[in-house]
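Down below is the structure, laid out as structure tokens.
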Amino acid sequence: MSNVPPVPTLTIGRIREGLRRKEFSAVDVATATLEFAERENPKTNAYLTFSSERALEAANRVDDQIANGEHLGELAGVPLGVKDVIVTKGLRTTCGSHILEHYIPPYDATAVIRLEEEGAIVIGKLNCDEFAMGSSNENSAFGPVRNPAALDRVPGGSSGGSAAAVAQGTCVVSLGSDTGGSIRQPASFCGVVGVTPTYGRVSRYGLAAFASSLDHIGPFGRNVEDAATVLKVMAGRDELDSTSAFATVDDYGPLMKQDIKGLKVGLPKEYFAGLSADTDAIIRAATKKLEDLGCQVNEISLPHTKYAVACYYIICTAEASSNLARYDGVRYTLRSDSDTLSEMYRNTRGAGFGAEVKRRIMLGTYVLSAGYYDAYYLKAQKVRSLIAQDFANAFERVDAIVAPVSPFPAFKIGEKIEDPMSMYLSDIYTITGDLSGVPCMSVPCGQSPDGLPVGLQVFARHFDESTMFRLAWNFEQAMKS
Ligand code: GLN
């Protein structure tokens with residue numbers, strides 16, 4: 001019998017302590033997590049693939065290090081789930097799509113390499129919307145993910161599996177990707193912490209490109225500290241991604257534990273229009289808590305917010321139409337046999353892509369086409385600068401911004417899938433973070449009257465994740481008392 005505590009209660013700190021005291025081994029943790037995850041997964045459909053062999057090999061390496069008295073990595077023995085848009089060598093990576101259903105990548109993403117080097121144990125690959133396009137995980141070719149907090153509800157998207165797995169306890173931390181809110185919105189819906197770092201903070205090498213100028217890899221955890229630890233380990237310049245930043249990575253752990261007395265916090269008035277009454281009350285209570293902790297909370301304005309959804313859907317579809325051109329039936333896996341080359345392209349893409357992906361490719365091709373480029377794409381790029389400028393102006397006066405993550409808590413499976421516009425509006429408060437490239441996160445801040453989790457969104461200046469974590473960590477501690 002192993003002495004591993006119930007898997008859903010594990011944290012990075014608890015695993016470190018247990019390994020140090022020889023209460024359990026890394027193999028014990030990996031085995032217990034795999035058993036629990038394989039048993040519980042049918043409830044949520046969060047995992048698409050388990051990687052038992054890779055997990056046990058990695059856990060054995062950690063146990064050998066312990067036996068030899070060697071230095072242990074920061075994530076030694078920590079079960080990690082990886083969104084299935086992030087490539088893993090020799091381990092199927094589907095991007096939630098039929099076209100890559102059998103794709104086995106020949107290399108690992110930089111983020112995964114860095115986490116494994118520090119001892120993380122990859123348990124498996126997590127379900128998501130096809131090519132990360134969606135807000136509910138209903139666009140996966142492998143069926144929707146169910147929200148562990150209410151199984152008839154969506155977990156949010158597109159990193160629905162990554163949020164659900166951490167909430168369900170089938171891994172301790174996970175990786176997601178965020179292009180327009182896909183980490184923060186599912187974190188909010190599932191009641192876990194989700195972090196979208198500054199654009200360029202984490203290498204995108206090995207992340208299947210959706211909209212390259214907006215794509216981020218970021219962590220999920222059951223608490224702020226775990227998510228921050230994962231970010232710290234994978235952040236930093238990578239020669240393999242020219243957009244990855246040289247900025248130094250802080251040691252978030254000690255910095256986040258300083259108090260937040262006197263911190264200037266902005267509350268953007270535009271983020272409170274169209275908010276459900278329940279969510280509004282929960283966010284107001286959270287800001288009151290921040291005041292009690294000594295923050296100076298003041299209303300601010302981010303005046304171009306109203307253009308964000310339109311701007312985002314022009315830029316992301318344009319970039320997606322170009323990025324997804326590579327899935328042509330020649331490279332990768334699926335190929336539909338046809339008489340001519342162009343028919344082969346058409347048939348492969350027709351059979352391989354789902355409806356939402358096709359919709360985005362068509363929209364993106366349209367906004368980039370001659371004659372429309374200036375009217376749509378170029379205009380959207382200008383609006384994007386204005387949105388970024390809103391944040392720059394605000395951060396001259398405040399150190400952090402707090403807001404809701406989503407106008408409403410998790411909705412029912414099937415409720416919005418027939419209505420793309422209403423689905424697109426779920427991202428109204430999150431896409432500004434991606435468009436401007438500032439770091440942002442969701443930290444649990446309460447529950448709706450029917451028990452659905454609600455997250456508080458925190459934004460900070462470019463590369464100032466430390467302040468963001470400090471605010472979130474202090475808030476999290478205050479929520480416990
Ligand atoms: N829901 C948004 C979309 O469908 C965001 C997706 C994302 O962040 N990957 O594009």
Side-chain angles (χ1 to χ4, degrees), residues 82-86 95-97 126-140 144-145 154-163 174-190 194-197 199 202 204 207-220 308-324 353-364 367 380 384 405-408 410-411 415-417 419-442 455 457:
V82 178
K83 184 178 181 181
D84 217 14
V85 290
I86 299 173
C95 293
S97 74
L126 295 163
N127 204 344
C128 56
D129 284 301
E130 185 178 348
F131 289 101
M133 297 177 190
S135 308
S136 68
N137 219 121
E138 292 166 290
N139 294 335
S140 165
V145 173
V154 304
S158 61
S159 313
S162 305
S174 67
L175 291 186
S177 71
D178 196 312
T179 303
S182 281
I183 290 178
R184 288 156 287 155
Q185 186 250 25
S188 173
F189 280 15
C190 292
V195 178
T196 310
Y199 182 80
V202 174
R204 289 182 293 110
L207 169 65
F210 162 12
S212 313
S213 77
L214 295 159
D215 292 343
H216 306 67
I217 290 179
F220 288 88
V309 173
C311 171
Y312 169 79
Y313 277 96
I314 290 174
I315 294 174
C316 86
T317 56
E319 293 187 22
S321 71
S322 159
N323 277 325
L324 271 63
F353 287 136
E356 182 62 25
V357 173
K358 288 180 187 159
R359 184 179 299 130
R360 306 265 178 131
I361 292 173
M362 284 191 285
L363 270 170
V367 300
R384 179 179 188 171
V405 173
S406 158
F408 33 70
F411 45 88
E415 195 180 315
K416 293 187 193 291
I417 195 72
D419 181 359
M421 267 313 283
S422 124
M423 188 74 90
Y424 292 175
L425 289 173
S426 336
D427 306 317
I428 190 157
Y429 305 137
T430 46
I431 56 190
T432 49
D434 301 274
L435 287 168
S436 60
V438 297
C440 33
M441 67 185 286
S442 175
Q457 188 169 201

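Each residue takes its place number in the sequence, starting with 1. Since the model is a prediction, treat every value here as computed from it, not as a measurement. When a ligand or atom number is given, it counts from 1 through the structure's own listing order.
Here the protein heavy atom with the shortest distance to atom 7 (C) of ligand 1 is S182 OG, 2.4 Å.
Of all the atoms in ligand 1, the ones that sit under 4.0 Å from a non-hydrogen atom of D427 are 1 (N), 2 (C). Those atoms of ligand 1 with a heavy atom of F210 less than 4.0 angstrom away are 9 (N), 10 (O). Shown in contact with Y312 at under 4.0 Å from a heavy atom are these atoms of ligand 1, numbered in order with element: 2 (C), 3 (C), 5 (C), 6 (C), 10 (O). Listed by number with element, the atoms of ligand 1 under 4.0 Å from a non-hydrogen atom of G181 are 8 (O).
At a heavy-atom cutoff of 4.0 Å, ligand 1 is contacted by no atom of K83, backbone or side chain. Contacts between Y313 and ligand 1 below 4.0 angstrom, taking non-hydrogen atoms only, involve the side chain exclusively. Under 4.0 angstrom from ligand 1, the non-hydrogen atoms of S158 all belong to its side chain. In T179, the parts holding a heavy atom less than 4.0 Å from any atom of ligand 1 are both the side chain and the backbone.
Summarising the geometry, atom OG belonging to S135 is positioned 9.5 Å from atom CD1 belonging to I417; distances are rounded to the nearest 0.5 Å.
Considering backbone and side-chain N/O of G134, one or more are found under 3.5 Å from N/O of ligand 1. Annotation: A132 places an N or O atom under 3.5 Å from an N or O atom of ligand 1; distance criterion only. Between G180 and ligand 1, at least one N/O pair is under 3.5 Å apart.
Under the 3.5 Å distance criterion, with hydrogens and angles disregarded, a donor-acceptor pair is assigned to the side chains of E319 and S213. In summary, the side chains of T196 and D434 do not present any donor paired with an acceptor at a separation below 3.5 Å, with no hydrogens or angles considered.
Remark: of the listed residues P186, P144, P155, P155 is the sole one forming a side chain to side chain contact (heavy atoms under 4.5 Å, CB included) with N137.
Between the S136 side chain and the G157 main chain, no donor and acceptor come within less than 3.5 Å of each other.
Using a 4.0 angstrom heavy-atom cutoff, Y424 does not count as in contact with ligand 1. At a 4.0 Å cut-off, at least one heavy atom of R360 sits close enough to ligand 1 to count as contact.
Annotation: cation-pi geometry satisfied between K416 and F408 (NZ/CZ under 6.0 angstrom from ring centroid, within 45° of ring axis).
Y199 pairs by the side chain to side chain donor-acceptor pair (under 3.5 Å) definition with R204, not counting sequence neighbours.
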Worked verdict on N139 versus S158 for side-chain hydrogen bond (donor to acceptor under 3.5 Å, both in side chains): CA-CA 8 Å; N139 294 335; S158 61; over 6 Å; no
Stepwise side-chain hydrogen bond (donor to acceptor under 3.5 Å, both in side chains) check, S159 with K83: CA-CA 7 Å; S159 313; K83 184 178 181 181; 3.0 Å; yes
